[in-house]
Amino acid sequence: TQEDVERSWLTPSKVDPVHTFEPDGTPIFSLSKGPFLPGWQTSPVLRTSDVNENVLEDPEVAGTALDSMEYKAAVLGGFVSSPKGPTNDPNPTTAKFATLLSMWVGYEVEYEGDPMSNLFIPIFDKLD
């Protein structure tokens, strides 16, 4: 719903600050002192609180993201999976995968637990 899209999990703002997730899917302020690699998203907006998630705090994808930055190249990660569930699942990975699959087929479907992968593509070749 529009309410889900516009609400933040951690603050009264529309966009969360840099954060990570507890094992139960609850978003919490980032525990890291850096570096940070917040996930950016413009369209579509997912209910899963992915905007500003520090992906470097997710051990399943951090290595792939760091390789992409180190080698300044696109890097395809290994398999990532999550428990089966719907788009509003409390597990943020399940909810994200269900939402992406639903967009692909054009109607709401559940994520079945199949393996997915992340592709990191650097958009800057230097940051100084």
Side-chain angles (χ1 to χ4, degrees):
T1 68
Q2 190 65 22
E3 183 178 292
D4 288 330
V5 169
E6 292 188 354
R7 81 181 177 100
S8 168
W9 294 83
L10 299 170
T11 69
S13 179
K14 286 190 182 234
V15 177
D16 279 327
V18 175
H19 63 279
T20 189
F21 292 98
E22 294 280 9
D24 69 356
T26 303
I28 58 171
F29 290 108
S30 177
L31 304 173
S32 175
K33 295 186 188 293
F36 298 97
L37 184 60
W40 292 0
Q41 181 181 327
T42 57
S43 178
V45 176
L46 303 179
R47 181 192 170 281
T48 58
S49 198
D50 278 342
V51 175
N52 285 334
E53 175 194 0
N54 183 20
V55 299
L56 296 182
E57 291 182 74
D58 181 344
E60 287 192 313
V61 299
T64 305
L66 290 168
D67 285 348
S68 178
M69 292 188 297
E70 179 181 347
Y71 298 112
K72 297 179 177 68
V75 178
L76 180 64
F79 289 128
V80 178
S81 62
S82 193
K84 177 181 176 176
T87 58
N88 63 350
D89 197 275
N91 182 303
T93 303
T94 297
K96 175 172 50 177
F97 289 169
T99 301
L100 292 172
L101 288 168
S102 296
M103 291 168 21
W104 178 260
V105 298
Y107 54 91
E108 192 167 326
V109 297
E110 282 199 355
Y111 166 65
E112 296 293 328
D114 298 324
M116 301 281 220
S117 188
N118 288 287
L119 174 64
F120 287 91
I121 303 171
I123 56 172
F124 300 106
D125 60 359
K126 68 184 209 178
L127 299 173
D128 53 359

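Count residues from 1 along the sequence. Hydrogens, waters and symmetry mates play no part in the numbers below; they use all other heavy atoms, side chains included.
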If you take all heavy atoms of S102 and E108, which pair is closest and at what distance?
-> OG-CA, 3.4 Å
Donor-acceptor contact below 3.5 Å, side chain S68 vs main chain A73 = yes
Under the side chain to side chain donor-acceptor pair (under 3.5 Å) test, residues paired with N54 that sit two or more places apart = E57
Do T99 and K96 have side chains that get closer than 4.5 Å, going by heavy atoms?
-> no
Look at the side-chain heavy atoms of Ile, Leu, Val, Met, Phe, Trp and Tyr, link any pair under 4.5 Å apart, and say whether W104 and Y111 land in one connected group.
-> yes
Run the side chain to side chain donor-acceptor pair (under 3.5 Å) check on S82 and N91 step by step: do they pass?
-> CA-CA 8 Å; S82 193; N91 182 303; 3.2 Å; yes
Under a single-linkage rule joining Ile, Leu, Val, Met, Phe, Trp and Tyr whose side-chain heavy atoms are separated by less than 4.5 Å, which residues share a cluster with Y71?
-> none
Quick one: closest heavy-atom pair of A95 and T87, and the distance?
-> CB-O, 3.2 Å
If you take all heavy atoms of G85 and A98, which pair is closest and at what distance?
-> O-CB, 3.6 Å
Taking the side chain as every heavy atom from C-beta outward, state whether M116 and L101 have any atom pair closer than 4.5 Å.
-> yes
Return the minimal non-hydrogen interatomic distance between F97 and S81, and the atom names on each side.
-> CE1-CA, 4.4 Å
For V75, the other hydrophobic cluster members (4.5 Å side-chain criterion, sorted by chain and number) are none
Drop me the distance from D67's CG to K72's NZ, to the nearest 0.5 angstrom.
-> 12.5 Å
Please identify each residue that fulfils side chain to side chain donor-acceptor pair (under 3.5 Å) with E60, with sequence neighbours left out.
-> none
Option passing side chain to side chain contact (heavy atoms under 4.5 Å, CB included) with N118 (candidates V55, D58, V61) | V61
Quick note, salt bridge (charged side-chain N to carboxylate O under 4.0 Å, His left out) partners involving residues 75-87, not counting sequence neighbours, are K84-E112
Nearest heavy-atom contact between F36 and S32 is CZ-O, 3.4 Å
In this structure, CG of L37 is separated from CZ of F120 (nearest 0.5 Å) by 6.5 Å
Under 3.5 Å donor-acceptor, S117 side chain and G77 backbone = yes
For Y107, the side chain to side chain contact (heavy atoms under 4.5 Å, CB included) test, sequence neighbours excluded, returns V105, V109
Spatial distance of atom CG (L76) from atom CD1 (I121) [nearest 0.5 Å] | 10.0 Å
Looking only at heavy atoms, the pair that brings F29 and T20 closest together is O-CG2, 4.3 Å
